[in-house]
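Small disclaimer: the values here were computed from a predicted structure and weren't measured. We count ligands from 1, going down the list as the structure has it; atoms in each ligand are counted the same way.
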Amino acid sequence: MLLLRDAHNRTIRDLRISLTDRCNFRCFYCLPNGEPPLARKDTILTFEEIVRVSEIFVSLGIEKIRLTGGEPLIRRDVEKLVEKLAELKSSQSKVRSSQLKDLALTTNGYTFPKRAKALKCAGLDRITISLDSLKPENFKRITGVDALENVLHAIEAAKKAGLTPVKINAVIVRGWNEDEVVDFACFAREMDVSMRFIEFMPLDSGHEWKREMIVSGREIFKQIDRIFPLKLTEKSRGAETAWKYSFADGAPGEIGIIAPVTEMFCGACSRIRLTADGQIRTCLFSTEEYNLRDVMRSGATRAEIIEFIRTVVMKKETRHQINDVSFVQPARTMSFIGG
Ligand code: SAM
Ligand code: SF4
């Protein structure tokens with residue numbers, strides 16, 4: 001099998017699929033005013049199309065698939081999609097010599113508690129739940145929804161369903177939640193979860209992003225390390241985006257720091273993205289997209305689809321340009337691209 005390689009010799013192993021651009025939250029750093037009123041019904045990929053294209057990606061060496069959005073659990077019957085995708089973990093296929101190793105989902109957790117068990121039974125391996133504040137009022141201020149309790153229940157439900165280690169994402173933004181970093185570290189220790197701190201990226205639909213709002217990965221590390229000394233778990237990140245730390249005193253839990261703005265990790269990027277409407281994006285910050293949906297719907301053969309994917313991957317950007325003066329925020333926002 002010929003793996004998917006880009007022009008910079010990076011192997012692509014990780015596919016992120018946005019299931020929808022819609023969301024039931026209004027996080028100020030993502031989708032503060034809701035999604036634009038597009039006529040989207042026919043443009044959004046069906047589950048059959050997602051399964052078809054995922055199978056092809058896996059045959060090209062994709063090992064990890066993450067379902068995201070928007071809020072992926074807004075789409076009905078995601079469990080059925082997970083079940084189909086989980087079949088790609090078996091090596092029984094005649095056309096594939098490779099197989100999927102990891103099927104994950106990122107969610108805001110709102111409807112997750114009642115679906116945790118079904119998703120696990122359908123074959124989901126891992127879950128990431130977003131949680132930007134541990135204070136009810138601040139949670140509501142950030143997400144637009146009074147739902148801290150629901151998200152805390154979601155974390156419990158994930159643990160109970162055996163979707164462990166549970167990962168928690170918090171986007172840390174100056175003036176919003178940088179005073180909660182140490183509280184989150186306490187939470188990681190008490191709940192035995194992997195707490196991941198993410199720098200604010202210029203992908204918000206409200207275009208409010210400003211450099212001064214970034215709380216750097218370095219600053220987050222220092223805040224935690226002063227109270228709970230941290231130990232780097234692996235010297236190199238490999239293709240991972242996070243620097244991972246354990247607590248030096250042996251407490252449970254893990255800290256992950258994701259600093260795409262202040263510590264670019266593009267050189268090791270192994271990711272590719274598929275938007276809810278079937279566009280391939282080779283980078284979160286791409287200004288170009290490639291219409292895989294129309295290629296599929298035009299009746300292309302498997303070989304033609306593979307050729308299209310390979311050509312697109314060769315165009316993957318060397319790096320993002322957030323720190324260049326010429327940087328232009330992409331027209332599509334995080335909720336559409338899939339975080
Ligand atoms: N709705 C789901 C959720 O919130 O987990 C999945 C989609 S959301 C776009 C995926 C991740 O992207 C979330 O953890 C969210 O916090 C993060 N995110 C969204 N906008 C961001 C931004 N402007 N900068 C950094 N991370 C962002
Ligand atoms: Fe919705 Fe997730 Fe974006 Fe928040 S971060 S608005 S929950 S898609």
C23 contact mode with ligand 2 (heavy-atom cut-off under 4.0 Å):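 Within the 4.0 Å criterion, C23 contacts ligand 2 through side-chain atoms alone.
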Among all protein heavy atoms, pick the one closest to [atom] and tell me residue, atom and distance.
atom                    : answer
atom 24 (N) of ligand 1 : M201 N, 2.9 Å
atom 21 (C) of ligand 1 : Y29 CD1, 3.5 Å
atom 26 (N) of ligand 1 : V171 CG2, 3.4 Å
atom 27 (C) of ligand 1 : M334 CE, 3.6 Å
atom 3 (Fe) of ligand 2 : C30 SG, 2.4 Å
atom 6 (C) of ligand 1  : G70 O, 3.3 Å
atom 14 (O) of ligand 1 : S130 OG, 2.8 Å

Per-atom contacts of ligand 1 with [X], taking only distances under 4.0 Å to non-hydrogen atoms:
X    : answer
T68  : 6 (C), 7 (C)
N108 : 2 (C), 3 (C), 5 (O)
T107 : 2 (C), 3 (C), 5 (O)
G69  : 7 (C), 9 (C)
F200 : 23 (N), 24 (N)

Close approach, S130 and ligand 2, non-hydrogen under 4.0 angstrom: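 No, S130 has no heavy atoms under 4.0 Å from ligand 2.
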Test of proximity, T128 against ligand 1: N or O pairs below 3.5 Å: no
Distance-only N or O hit between ligand 1 and D132, under 3.5 Å: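 No, there is no polar N/O contact under 3.5 Å.
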Donor + acceptor pair across side chains of [X], [Y] (<3.5 Å):
X    : Y    : value
D225 : Y245 : no
R5   : T11  : yes
T106 : R66  : yes

I need the atoms of ligand 2 closer than 4.0 Å to a non-hydrogen atom of [X], numbered in the order shown.
X   : result
C27 : 4 (Fe), 5 (S), 6 (S), 7 (S)
G70 : 8 (S)
L31 : 6 (S)

Nearest heavy-atom neighbours spanning I258 and A242: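 Closest approach of I258 to A242, heavy atoms only: CG1-CB, 3.6 Å.
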Regarding [X] and [Y], does a basic nitrogen lie under 4.0 Å from an acidic carboxylate oxygen?
X    : Y    : value
R271 : D14  : yes
R174 : E219 : yes
K89  : D125 : yes
D77  : R115 : no
E307 : R302 : no
E49  : R297 : yes

Other residues, nucleotides, ligands: >12 heavy atoms within 6.0 Å of K117 NZ: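 At most 12 heavy atoms, drawn from other residues, nucleotides or ligands, come within 6.0 Å of this atom.
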Same apolar cluster (I L V M F W Y, side chains within < 4.5 Å links), I74/Y110: no
Closest to atom 11 (C) of ligand 1 (judged by heavy-atom distance), picking from V151, N169, I172, N24: N169
